[in-house]
Each structure stands twice: as C-alpha cells, then as structure tokens.
Engineer: 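Pasting a structure below so you can have a look.
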There are 2 protein chains.
Amino acid sequence: MWRRLLYCLQMPVQMRMQLFLLQAEAVANSMTISAAAQEAGVGVETIRYYERRGLIRQPPSKGGYRQYPESTIRQLRFIRESQRLGFSLTEIEELLALAGAEDTTCGDVCSATEHKLAEVRGRIATLQRLEHELEAMLCAKDCAAPKRDCKLLEALSPPKERADCSHGCH
Amino acid sequence: MWRRLLYCLQMPVQMRMQLFLLQAEAVANSMTISAAAQEAGVGVETIRYYERRGLIRQPPSKGGYRQYPESTIRQLRFIRESQRLGFSLTEIEELLALAGAEDTTCGDVCSATEHKLAEVRGRIATLQRLEHELEAMLCAKDCAAPKRDCKLLEALSPPKERADCSHGCH
DNA sequence: ATAGGGTCCGTACCGTGGTACGGAGTCAAG
DNA sequence: CTTGACTCCGTACCACGGTACGGACCCTAT
C-alpha cells in the first residue's frame, strides 16, 4: 500500500490528477505481476504460462512491465475456481470463449456443466467399482500367512486363477 | 492363437520337434516380444519400457532377441490388472518387490491394499463434493437467458459474488 | 550513485505412462 | 541370396500444468 502511494507521488502531475479522481478500487487497478499472483493465489510463472496459452490476454505494459487490471485478477480467480471443479485448462479456455462470445446463451454454459457433471459421475462410478474390488480382495485376507499363500497376490492375477471371495464377507 | 500356430509352423524343424513334445502351456514357453505383447495385451514398446523401468527383469536373449518365458507374461498380466485397480507403476514396483521378497507376509500386501482403498475412497469423496457443487450450479439455471444473466458463469466466480442457490432445488 | 529486489524473455525441465522414429542387425522362407 | 518381417537400441516426442534457470533490464530506497 505504501509502495503504491509513493509510486503515485512520483508520477507526472497529469497522471496524479487522474488517479486522484478515482476511487480506492481503481487505485488497485493496476498491479505488477507478483501482486496479481498474490491476489489471485497463483504463482508468477503460472500467470505468464496462462498468458502464453492465451487463457488471459496480455495486459498493457508500462516500461516493459505488465500492469494487470482488476478484471484479469477476476479472470484468474475464475480459472482457479473452474480448475477446482475439475475443468482442465483447455475446457476453461472454452468456457472463457463462451463467456466472451456475443451470442452465447446461458444454455451453452449449462450444457458444458452438464457434460462435466456426467464425466464426474462416470469417474465416481469407476472408482466405486474399484472400491468394491479392493474390499473384496481384503475380505479374503489372512494377514499372518506367509506370502506363499497370500490371497491378495493371487487376487491380482488374471481372472482364471483368481481366488473366489464368496463367503459372505463385506 | 492362429498367429502362434502359424508361428510354430514357420519354425525350423528342430525347434518344431521340440515343441511337438511339449504341452500346450510349454509351447508358449518362449516367445518373441511381439508374441508376449499380444499375449499380455500390451504394446511391444510398453514391454521394453517396463524393462527399462525395471518392472520386469530382462529375459534370456537368443541372438540378441528377447525370449520371454511364461512367467513374464503372467507378470505383465499382473501389472495390467494392478493398473486397472488404480495402482501406479511405482506402486506396482513395490508390490512386485513384496511378492519377490522372502520375508513378506500377506499382511504387507494387505496393508498396501488398504492404503490404496483409503486413497480411492478419498478420491470418491472429493468427486462427490464436486458433483454436488455442479448440481447446485445447474439448479440455478435459466437456459434461455442471454449470457449476461448467466447464473453459471456467476457461480464460477469467487464466493463473494456467487449467486445463492437456496430455493429448494435438488 | 548504487544496491537490492522485481521483472523480462526464452528455454529447459519435472512426473506419468507410454508412443514414434530411424538405422542397423537378425531370422526364416522361397 | 534375396526379400520381407521382425527386432534391436537410443533418442525424441506426446499430454498436462506448471516450475526453474540465467542473463539482461528496470524500479525504488538510501
């Protein structure tokens, strides 16, 4: 905060006047890359990476230094949130394109979300099948036995040789 | 199967005699890399990759050509099966080490499996949280609306600005 | 004026599980 | 002996989401 204030005081008078007329939020309007990274909770290199990938548009630069507007920070948060929801950067690119296009309806975004939901449900189902198989393997255990008789190693073998686990365990 | 038969028929007479005297299982006893790959359901390059990684030990070679014994094919199937259960190659390496060590008890394998089970359950829980969030987002939809009013794009924004979805949907 | 810290850019590298390529060698049949 | 299929080996490359490095440049405080 101090730094930014001092920075303002060193600006040419014209610019200082402009800034003086803007609100507090607008003061924060232009951040360096590290401030933006801090603000959005990502790494500096990550922002540069996103820019290279075209996920965020390159900001105006002052003396070769990127100056990020608040809107970019919002976009970075959007990206993080979408990632957390399981969207890949490529999918987020598409979401951002949707958000940017003139003729996008809410339905477009909606169907992308439904698609992702279906995918998530599929992954859950797969993992649950896996869960049951692992449980079934464990139920046949005899942990004190030497590995020679290990039912688990057997269970990993192909179906033909697989130990049968049907004595009501669960 | 046909391939193996034809392959046998193309062998030198000496070798064919030998094979004639062996049982079906033993016929498969020594395979080229492509036969092994076929048999185990993996690619040729994959086998070489596993060998480089030390997942399978290098087989005896005849004139510079790898000759795979049946045991290696079993091991390859073990690897595939374990992968299907969600074990990474590194974890499979450990499983194989357990299987190979003299003093391994069934309990060792057991605890590895339990560990994996816990991991799988964690992943399921995460995905289910995600599922609910996506559902919550969809329940606020108005698909005909222009994107300007899109609740979904809003929903992806950080918490402060997030639309509230509390009108009994589910 | 200068020291320090931040930023620039291009490029290389990480892990994961392979896949692809290319030139040389080998094998068995015709 | 030639042909064609197969195999050898090392190396490079793919996706994914970044992270690290190094030399040059710039900004700010003292």
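These figures come from a predicted structure and were not determined experimentally. In what follows, chains are A, B, ... by sequence order, proteins preceding strands, each numbered from 1.
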Engineer: Let me know the distance between CG of A/Leu55 and P of D/dG17, rounded to the nearest Å.
Structural biologist: 9 Å
Engineer: For a quick check, with a 4.0 angstrom heavy-atom cut-off, what is the B/S/- contact string for nucleotides 15-25 of chain C, read 5' to 3'?
Structural biologist: --BBBBB---B
Engineer: Taking atom types as modelled, find out whether B/Thr90 and B/Arg53 have a side-chain donor-acceptor pair closer than 3.5 angstrom.
Structural biologist: yes
Engineer: Do any side-chain nitrogens or oxygens of B/Thr32 fall under 4.0 Å of OP1 or OP2 in D/dT7?
Structural biologist: yes
Engineer: Starting from C1' on D/dC8, measure out to CD on B/Gln58 and report it in whole angstrom.
Structural biologist: 14 Å
Engineer: Below 4.0 angstrom, N of the basic side chain to O of the carboxylate: do B/Arg123 and B/Glu119 qualify?
Structural biologist: yes
Engineer: Rounded to whole angstroms, how far apart are CD on A/Gln38 and P on C/dG5?
Structural biologist: 17 Å
Engineer: Would you mind reading off the distance between A/Ile92 atom CD1 and D/dG17 atom C1', rounded to a whole angstrom?
Structural biologist: 11 Å
Engineer: May I have the distance from B/Met31 (atom CE) to D/dT7 (atom C1'), rounded to whole angstrom?
Structural biologist: 17 Å
Engineer: Determine, stepwise, if the pair B/Arg121 / A/Glu135 fulfils salt bridge (charged side-chain N to carboxylate O under 4.0 Å, His left out).
Structural biologist: CA-CA 11 Å; B/Arg121 283 177 175 155; A/Glu135 279 167 354; 2.4 Å; yes
Engineer: Walk me through whether B/Glu51 and B/Arg57 qualify under salt bridge (charged side-chain N to carboxylate O under 4.0 Å, His left out).
Structural biologist: CA-CA 6 Å; B/Glu51 201 173 308; B/Arg57 60 181 173 288; over 6 Å; no
Engineer: In terms of hydrophobic clustering (I, L, V, M, F, W, Y; side-chain heavy atoms under 4.5 Å; direct or indirect links), are B/Val42 and B/Leu95 co-clustered?
Structural biologist: yes
Engineer: Using heavy-atom distances to pick each residue's nearest nucleotide on DNA chain C, tell me which of B/Gly64 and A/Arg66 is more 5'.
Structural biologist: A/Arg66
Engineer: Decide, yes or no, whether a salt bridge links B/Glu81 with B/Arg84 under the criterion of side-chain N to carboxylate O below 4.0 Å.
Structural biologist: yes
Engineer: Between C/dT7 atom P and A/Ile47 atom CD1, what is the distance in whole Å?
Structural biologist: 10 Å
